[in-house]
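Reading through the structure tokens given below for one structure.
Order of the sequence lines fixes the chain letters, A, B, ..., with proteins taken first and strands second; residue numbering starts at 1 for each chain. Given the structure is predicted, the values throughout are model-derived calculations rather than measurements.
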Amino acid sequence: MLDKHYDHNLVEKGKYENWKDKGYFLAGDKSKDPFCIVIPPPNVTGKLHLGHVMDTVTQDIIARYKRMKGYDVLYVPGMDHAGIATQAKVEARLRKEGVSRYDLGREKFLEKAWEWKKEYADFIHTQWAKVGISVDYSRERFTLDEGLSEAVKKVFVTLYNEGLIYQGEKIINWDPELRTALSNVEVIHSDDPGEFYYFKYRVEGSDKVLIVATTRPETMFGDTAIFVNPKDKRYADLVGKKAINPANGEPLPIMADEYVDIDFGTGAMKCTPAHDPNDFLLGKKYNFPFIKCLDECAKMNEKAGKYQGMDRYECRKALVKDIEEAGNLDHIEHIIHSVGHSERSNAVVEPMLSKQWFVKMKPLAERVLKQQKSKDKVEFFPARFEKVLLRWMNNVEDWCVSRQLWWGHRIPAYYNKETGEVLVSEKAPDMNLYTQDEDVLDTWFSSALWPFSTLGWPNTEAPDFKRYYPTDCLVTGYDIIFFWVSRMIFQGEHFTDKAPFKKVLIHGLIRDEQGRKMSKTLGNGIDPIDVIDKYGVDALRYFITTNSTPGLDMRYSDEKLASSEAYLNKIWNATRYVESVLGEDFKEEKLDYKDLDTLERFILSRLESTIKKVESKMESYQFASASEYLYDFVYDDFCSFYLEMSKVSLNDEKKASKVKNVLYKVIKEIILLLYPYTPFVCEELYLSLPFHKDSIMEETYPQYIASFHSPKAEKEGMLLAKMIKDVRAYKASKKMAPNAPLTLTLSPKAPFKGIEDYLTRFLFAKEIKVLPEGKGDSLVYNGLTLFLELDIGKGELLASLNKEKEAILFEINRSEKMLSNPGFLAKAPKEKIAVEREKLEENKAKLAEIESRLSKI
RNA sequence: GGAUGCUUAGCUCAGCGGGAGAGCAUCGCCCUUACAAGGCGGGGGUCGUAGGUUCGAAACCUACAGCAUCCACCA
């Protein structure tokens with residue numbers, strides 16, 4: 001017997017371990033069709049947050065649903081080494097101990113990183129268990145494990161040999177704190193306040209003074225020219241002359257190029273080819289020297305003369321002061337401008353000329369663009385997110401993949417100690433002759449291979465790869481479409497000739513109750529474990545997957561969690577009640593439809609249509625709609641109506657056994673339909689049913705039975721519900737107690753036989769008069785209900801009938817207006833017209849009855 | 001500068017071509033033997049603004065406004 005209240009702590013206890021131990025999460029049943037989902041591997045940088053819960057629970061719902069539908073489901077778990085992110089964390093931890101990574105050296109540092117990894121992997125495992133995700137642990141992978149490292153090497157070497165990876169000197173984004181290069185997507189731009197310094201440049205051989213503005217005076221030591229627009233009349237006479245750099249007194253040629261915007265600043269621009277991407281292009285075009293004046297920590301180097309050794313901002317301040325003192329500062333403008341910050345260290349990114357490894361993106365992107373036009377394209381849910389992918393693919397720049405870090409896949413490039421010649425190879429050459437490249441790969445380089453590297457690739461004969469690839473569905477947030485989804489697609493297509501997944505389900509972010517992004521700086525993050533302790537994991541799973549629209553952000557809400565928990569409590573108690581009704585000696589019988597009464601037919605018909613609707617929404621990943629259909633059925637049709645009504649028929653010994661069987665079927669199927677969302681409580685309820693397998697995980701999804709569909713029974717049931725509702729409303733409006741006794745008159749045309757019993761019980765009718773056949777016809781009472789009349793006074797009845805008449809007339813008017821519209825008749829679908837006609841007829845009949853009643857008063 | 005999304009009841013949000021919905025809040029009545037973490041019954045919305053398409057628009061189109069996000073540029 002279930003307890004009176006649903007206690008999530010008791011319910012959750014031991015279930016996950018049991019499922020895991022029994023092997024329910026393991027894939028490999030060859031008698032079934034395969035279905036595969038890979039987890040987006042969480043970073044081993046910290047605890048999982050609510051975003052992870054939304055992500056993994058969504059996958060888990062799909063996995064559990066598909067298992068019930070008879071698929072051999074492989075849900076692959078794993079984690080990401082998260083190169084720069086993890087290294088930043090480990091370094092931060094070391095810094096607290098007063099140690100830098102350089103103090104430790106590469107090897108010792110990596111030991112520390114692995115310790116960190118283990119610590120956080122344990123944490124993540126605990127959280128996965130708590131959340132209940134049904135992953136196959138026998139296939140768990142880590143991006144730095146051996147197999148995945150093989151895949152990484154294979155990809156790097158192949159791309160290199162195909163000319164799609166090259167080493168080059170370009171302007172990259174440099175993180176001076178972590179001292180590594182970054183890719184474009186790892187730079188976060190924010191609008192920060194800053195200064196726009198207008199400096200005076202003396203022009204050689206002229207008495208003119210040229211005013212040039214810059215936001216970064218410290219880079220003036222790397223300047224090689226001043227540019228103006230060739231159409232700019234103000235400066236036409238100066239082109240070809242030289243201006244004196246007020247920072248170091250060097251003469252700079254004044255040149256003209258279309259690139260310069262006449263209206264921006266003074267229209268004259270300094271050119272720093274080694275510290276600005278646009279200036280770099282100009283530098284290439286005009287063959288300038290590339291003068292770096294900053295080192296890898298963003299400190300001034302020897303080019304900065306007396307400022308050498310200063311931090312870039314320190315130098316800026318000192319330099320501006322010196323220029324001002326020399327009388328060369330025109331003015332300072334305070335501006336808001338976009339500044340790039342490192343995603344991980346938040347340091348202001350320094351664009352810097354640097355030799356790095358790049359992936360040539362054009363050919364890879366073109367293949368994706370082509371594939372997305374074919375029938376084998378990756379299908380996005382919601383569809384609009386495909387545009388995000390296409391836009392990125394259309395505008396890709398080469399991908400800087402080398403990182404000056406230690407934690408990651410070391411680049412398989414080797415340099416001949418004598419000649420310096422590069423050798424790129426999966427196998428290390430004789431290390432007496434060669435040294436390996438010091439750098440590691442961008443962490444996304446390995447994540448990009450995740451859907452196939454986890455399944456055994458590059459061994460294309462690996463059983464999992466053959467059976468489960470391409471995977472079926474990828475679930476992830478819109479925030480990593482560029483980082484991850486796009487890269488998996490191009491690598492997948494390039495290396496396996498197939499898109500790595502058929503469908504991509506994109507979800508939004510979870511925000512705090514005020515709608516703000518959860519962030520460490522705001523301190524508004526919510527720990528999923530706290531939520532689980534308070535409301536239970538099932539309530540969290542239910543809330544987080546059914547209160548959002550695909551692709552849109554959602555807000556965390558304590559209220560909605562409480563309401564989710566209340567819903568589970570409702571089902572808990574409905575089950576408890578049904579079980580108490582079934583009793584010890586309940587026998588399951590096959591339902592013979594012919595033997596069933598109206599209300600049993602009603603609830604079964606509603607159940608079947610619910611199954612159909614829920615299933616169709618599950619298939620299109622519309623979990624909010626699916627759960628809403630189920631919710632309505634559970635509350636309105638089952639708990640509020642049928643469960644109550646069945647109390648009448650259960651008293652009838654002849655009917656009791658059939659009713660029990662119906663109750664059993666309905667409650668069981670409710671539990672099964674809900675199970676993918678809230679597996680813990682559903683397992684508990686399932687196991688408490690009189691007949692069950694070892695676990696709900698052995699069950700199949702409820703089967704839609706078309707023959708149980710009965711519009712007639714549904715209509716009759718709804719009429720009864722409406723009669724009850726109307727009389728209750730009447731009582732409430734008259735300030736009568738709900739259980740105040742009444743006398744009712746029932747028409748012989750009442751919806752179905754035996755209806756009096758229900759009216760007696762639920763309306764507290766002390767007497768029900770049934771009019772003799774052929775006399776009285778159908779009756780109309782107060783609301784819209786036919787077939788029923790209250791024993792009330794004449795005046796009241798008159799008022800009530802008139803009110804009713806008014807409402808009906810409004811409806812008739814509406815229908816007639818529609819049906820007399822030639823446009824409607826000509827263009828509306830014929831089913832719609834038929835429905836309107838039917839409504840009109842019904843209402844006309846009602847009106848006639850009301851009038852007949854009125855005439856008799 | 002380009003793109004996308006949002007604007008619906010007091011709050012949080014569904015609905016996205018055929019009579020305005022849910023949860024919570026609110027008001028009234030009920031400890032009715034599954035559930036007071038409950039039940040029953042109410043009140044509450046010219047669906048951001050203005051045009052257009054359509055027989056019919058909250059829904060489709062266009063413009064505008066506000067909010068949010070992403071991309072690019074910013075010497």
Side-chain angles (χ1 to χ4, degrees), chain A residues 2 4-6 184-185 189 191 196 212-216 219 223 226-227 259-261 264-272 276-279 282 335-339 382 384-385 387-388 391-392 395 478-479 481-482 508-509 511 513 515 517 546-549 551-560 562-581 624-625 628 631-632 635 639-640 643-644 647 724-725 728-733 735-739 761-762 764 810-811 814-815 817-818 821-829 831-833 835-836 839:
Chain A
L2 295 167
K4 188 169 178 184
H5 289 297
Y6 157 54
N184 293 347
V185 284
H189 291 273
D191 285 334
F196 205 17
V212 179
T214 179
T215 52
R216 303 170 63 220
T219 64
D223 287 359
I226 299 293
F227 275 96
Y259 170 75
V260 179
D261 181 349
F264 193 89
T266 61
M269 176 194 100
K270 73 188 202 61
C271 176
T272 323
D276 182 278
N278 292 309
D279 294 3
L282 285 171
I335 54 163
I336 302 288
H337 65 319
S338 166
V339 178
R384 73 184 131 87
F385 286 103
K387 280 187 262 178
V388 178
R391 191 156 42 83
W392 192 71
N395 299 300
Y478 60 70
D479 52 329
I481 294 178
F482 300 135
L509 308 177
R511 296 168 172 274
E513 291 204 71
K517 235 173 164 167
T546 65
N547 279 84
S548 61
T549 312
L552 293 188
D553 292 352
M554 72 181 299
R555 291 187 198 212
Y556 174 83
S557 159
D558 266 314
E559 256 176 22
K560 287 189 178 171
S563 137
S564 302
E565 196 188 3
Y567 175 46
L568 300 179
N569 187 57
K570 182 83 180 174
I571 293 178
W572 177 276
N573 275 292
T575 310
R576 189 165 79 95
Y577 166 73
V578 170
E579 286 170 5
S580 75
V581 163
S625 306
E628 199 182 335
Y631 181 94
D632 289 346
Y635 259 93
C639 293
S640 297
L643 219 55
E644 294 301 325
K647 289 172 183 172
I724 291 171
K725 195 177 160 84
R728 280 174 172 168
Y730 172 82
K731 283 184 173 176
S733 76
K735 304 267 179 228
M736 292 164 76
N739 59 355
R761 174 157 177 148
F762 294 101
F764 300 90
F810 179 86
E811 292 300 316
R814 182 189 154 273
S815 291
K817 231 168 96 185
M818 257 174 119
N821 180 344
F824 179 73
L825 292 175
K827 296 186 179 173
E831 309 84 66
K832 184 70 203 162
I833 298 172
V835 167
E836 278 310 316
K839 272 194 228 168

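As judged by a 4.0 angstrom heavy-atom cut-off over every strand, Cys271(A) is placed among residues making no nucleic acid contact. Among the atoms of the strands shown, base atoms are found under 4.0 Å from some heavy atom of Leu643(A). Thr272(A) comes within 4.0 angstrom of no nucleic acid atom, judged by non-hydrogen atoms across all strands. Residue contacts for Phe196(A): at a heavy-atom cut-off of 4.0 Å it reaches the sugar-phosphate backbone alone, with no base atom in range. Across all strands, Lys827(A) comes closer than 4.0 Å to base atoms (heavy-atom distances). The residue Pro829(A) sits close to a base: some heavy atom pair falls under 4.0 Å. At the heavy-atom level, Arg814(A) lies under 4.0 Å from base atoms of the strands shown.
For Lys560(A), counting side-chain heavy atoms from C-beta on, the closest listed nucleotide (G23(B), G18(B), C40(B)) is G23(B). Considering only the side chain of Lys387(A), U4(B) comes nearest among C40(B), U4(B), G41(B). The nucleotide whose nearest atom lies closest to any side-chain atom of Asn569(A) is, among A37(B), G23(B), G42(B), A37(B). Relative to the side chain of Ala729(A), the nucleotides G23(B), U69(B), G41(B) differ in distance, and G41(B) lies closest. Distances were taken from every side-chain heavy atom of Tyr478(A) (C-beta onward) to each of G38(B), A37(B), U69(B); the shortest belongs to U69(B). Here the nucleotide nearest the side chain of Ala828(A), chosen from C55(B), A34(B), A75(B), is C55(B). Residue Glu559(A) has its side chain nearest to G23(B) when only C40(B), G18(B), G23(B) are considered. Checking C35(B), C13(B), G41(B) against the side-chain heavy atoms of His5(A) singles out C35(B) as nearest. Here the nucleotide nearest the side chain of Glu628(A), chosen from G38(B), A14(B), A75(B), is A14(B). For Arg384(A), counting side-chain heavy atoms from C-beta on, the closest listed nucleotide (G5(B), G41(B), A75(B)) is G5(B).
A 4.5 Å side-chain heavy-atom check between Leu282(A) and Phe227(A) finds at least one atom pair inside the cut-off. At a threshold of 4.5 Å between non-hydrogen side-chain atoms, the residues Lys839(A) and Glu836(A) count as touching.
In this structure, CD1 of Ile833(A) is placed 14 Å from P of G56(B), rounded to the nearest angstrom. Straight-line distance from the CG atom of Asp632(A) to the P atom of G21(B): 12 Å, rounded to whole Å. Spacing between atom CD of Glu644(A) and atom P of A34(B) amounts to 7 Å, rounded to whole angstrom units. Nucleotide C40(B) holds its C1' atom 14 Å from the OH atom of Tyr635(A), rounded to whole Å. Taking atom CH2 of Trp392(A) as the reference point, atom P of U69(B) lies 22 Å away to the nearest angstrom. Here G39(B) presents its P atom at 10 Å from CG of Asn573(A), a figure rounded to the nearest Å. Rounded to an integer number of Å, the gap from OH of Tyr567(A) to P of G39(B) is 13 Å. Between Asn739(A) atom CG and G41(B) atom P the separation is 15 Å, expressed in whole Å.
The aromatic rings of Tyr567(A) and Tyr635(A) sit parallel, their planes meeting at an angle under 30°, below the 60° perpendicular limit.
Within the cation-pi definition used here (under 6.0 Å to the ring centroid, within 45° of the axis), Lys647(A) does not qualify as a partner of Phe762(A).
Of all heavy-atom pairs spanning Ala624(A) and Thr546(A), the tightest one is CB-O, 3.4 Å.
With the nearest nucleotide of RNA chain B identified for both Asn821(A) and Asp261(A), Asn821(A) has the one nearer the 5' end. Mapped onto RNA chain B by nearest heavy atom, Val578(A) and Arg728(A) fall at different nucleotides, with Val578(A) at the one closer to the 5' end.
At the phosphate of G17(B), neither OP1 nor OP2 sits under 4.0 Å from any side-chain N or O atom of Lys832(A). Applying the 4.0 Å criterion to OP1 and OP2 of C35(B), one finds that Lys4(A) has a side-chain N or O inside that range. Between Lys817(A) and G18(B), a side-chain N or O to OP1/OP2 separation shorter than 4.0 Å is absent. Under 4.0 angstrom from either OP1 or OP2 of C70(B) there lies no side-chain N or O belonging to Arg391(A). Close to A14(B), at under 4.0 Å from its OP1 or OP2, lies a side-chain N or O of Thr549(A). Of the side-chain N and O atoms in Lys647(A), one or more sit less than 4.0 angstrom from OP1 or OP2 of A34(B). Under 4.0 angstrom from either OP1 or OP2 of A75(B) there lies no side-chain N or O belonging to Thr266(A).
Side-chain contact, Tyr259(A) with Asp279(A): no donor N or O sits under 3.5 Å from an acceptor N or O.
Every stem involving RNA chain B, taken as at least 3 paired positions in a row under the Watson-Crick or G-U wobble test at 3.5 Å, is listed here: B:1-7 with B:65-71, B:10-13 with B:21-24, B:26-30 with B:38-42, B:48-52 with B:60-64.
Under the ring pair (Phe, Tyr, Trp, His ring centres under 6.0 Å) criterion, Phe385(A) pairs with no residue, sequence neighbours left out.
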